[in-house]
Amino acid sequence: MMLLSCPWCGPRDENEFACAGTTHIVRPGPEVSDAEWGRYLFFRANPKGVHRERWRHVYGCGQWFNVARDTVTHQVLAVYRMTEPPPAVPGEGP
Amino acid sequence: MKYSALALLRGALSGPDSWSPAWRSPEPKPEYEVIVIGAGGHGLATAYYLARNHGIRNVAVLERGWLGGGNTGRNTTIVRSNYLFPESARLYEFSLRLYESLTRELNFNIMLSQRGLILLAHSRHDLDAMSRWANAMRMNGIDAELLSRDEVAAAAPLLNLSPEARFPILGGFTQRRAGTARHDAVAWGYARAADALGVDILQNCEVRGFTRDAHGGVTGVETSRGPIRAGRIGIAAAGHSSVLARLAGFSLPVTSYALQAMVTEPTKPALDTVVLSPGTGAYVSQSDKGEMVLGASLDLFPSYAQRGSFALTQGILASTLAIFPSFSRLRLMRQWAGIVDVVHDSSPIIGPTPVPNLFINCGWGTGGFKGIPVGGWTLAHVLATGRSHELAEPFQLERFYTGRLIDEAAAAGIAH
């Protein structure tokens, strides 16, 4: 069981939260090619290691926030609000 | 050595030393015509069909760990072809038909048991959706039969059939040709048959990079056992597909998740069919050893850890006990997870990659075991001929750009 720290409510069990996948994805404009749009919609780095993702405290305050987490150890490396700049974390590849 | 009753008798008389290893453990050659990355079911089947269907025997299967130690050894061993769209129906039905003749084909008992699969309807809406589903299957030429509540009760009397149940059982449908197969035997059977045709299976051989020519095409791999050259390379690495794609310089529409399963202690025969309750998520069968095999849901956050979270374990057990209350007396023996490659439309990707001479078979997500024969057959075809197999044509990477998705998650209402 992971322990996630909601920036508003503090540490809570994993089953109070829902993960919504990779964060910091910027939506391209409507003028882009089909290939570019496909990449935006579907293609992900899916790293084995540090992954930056968005979570929502569904069964709590309902707020969204960002998490940097290791996908092998499940260690949470950073938790930060949606509007905060992403903090550096150890072990993140290029 | 051909396995037979006579060989068994001879072995029994002459002692265990008379058996030869089922496959060799050769040293890597400097070059192969084709390299397949991943010695799970899909990779081994690919090598076997390369040799058997296309006469390409100068093949190596590279495996980071041990043969069949990934998802092939971690799934709940269920085979079926109850899909909704014609493209999927053709693909999975071809796979089930290959499974039906696989024991004889490989001279290795894969212990296929076509005990049927029952899907439970818990509401009026489930009943409607399942009639549509079963009818779509029949339109595609695949066996499907709607079941009344009493027919379900007769087939699996331990179900909670009370009208007061939290998830009352109103009926369902069955594919009688669905069932289970011994998962390890599928890997071992393909490995042994491929080895007999000259394929080298290289275990403990991790791919760490690709070598490229001036046009960007792959010319070989860097491995933990040294560089190996190859004309063409196929990837069959399930949850680790993105890691290999990254080494080759492209990305995939894949997210890796941990898919859980667990078994109880063995018990007397109590369930002679597979039961799936899409409404609760319970997915139950009894193994030949007597264990209740409980699958399987995803931990819905990206993971490369081959273990599931306890939060979801509790959920799976609650679902299972909701439909089989008497199983509450059984103790859980083992729980584990495999890393599965989930794509947005829950359909596989079998074909070329953006990198010349590099091909991939991935995206089976939570349903890769049943696809092993057809996954190997179609990846071998594209590796040998350079053209996608007719069955695999709809299942190309391009569909994520064109939008022509084959959304079985939405169509059939279950992830796989």
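Just the heavy atoms: all of them, side chains too, but no hydrogens, waters or symmetry mates, feed the values below.
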Tell me whether A:W64 at atom CH2 has more than 12 heavy atoms from other residues, nucleotides or ligands lying less than 6.0 Å away.
yes
Regarding B:Y304 and A:D70, is there a side-chain donor-to-acceptor distance under 3.5 Å anywhere?
no
Ranking B:V243, B:L312, B:L252 by heavy-atom pairs under 4.5 Å to chain A gives rank one to B:L252
Does any donor atom in the side chain of B:S256 or B:H240 lie under 3.5 Å from an acceptor atom in the other side chain?
no
Bottom line for A:S33: the part with an atom under 4.5 Å from chain B's heavy atoms is neither
Exceeds 12 heavy-atom contacts within 6.0 angstrom, atom OH of A:Y59
no
Which bit of A:R39 comes within less than 4.5 Å of chain B, counting heavy atoms only: side chain, backbone, both or neither?
both
Is it true that atom NE2 of B:H215 has more than 12 heavy atoms of other residues, nucleotides or ligands lying nearer than 6.0 Å?
no
Within residues 350-357 of chain B, which residues come under 4.5 Å of chain A, heavy atom to heavy atom?
none
The test is salt bridge (charged side-chain N to carboxylate O under 4.0 Å, His left out); show your working for B:R225 and B:E206 and say whether it passes.
CA-CA 8 Å; B:R225 295 174 70 175; B:E206 180 182 7; over 6 Å; no
Answer yes or no: is there an ion pair linking B:E398 with B:R404, defined by an N-O contact shorter than 4.0 Å?
no
For chain A, find which of B:P302, B:S251, B:A311, B:S242 contributes the most heavy-atom pairs closer than 4.5 angstrom.
B:P302
Axial cation check for A:W8 ring with A:R81, 6.0 Å and 45° limits:
yes
Which atoms of B:V254 come close to chain A, meaning under 4.5 Å heavy atom to heavy atom: side chain ones, backbone ones, both, or neither?
both
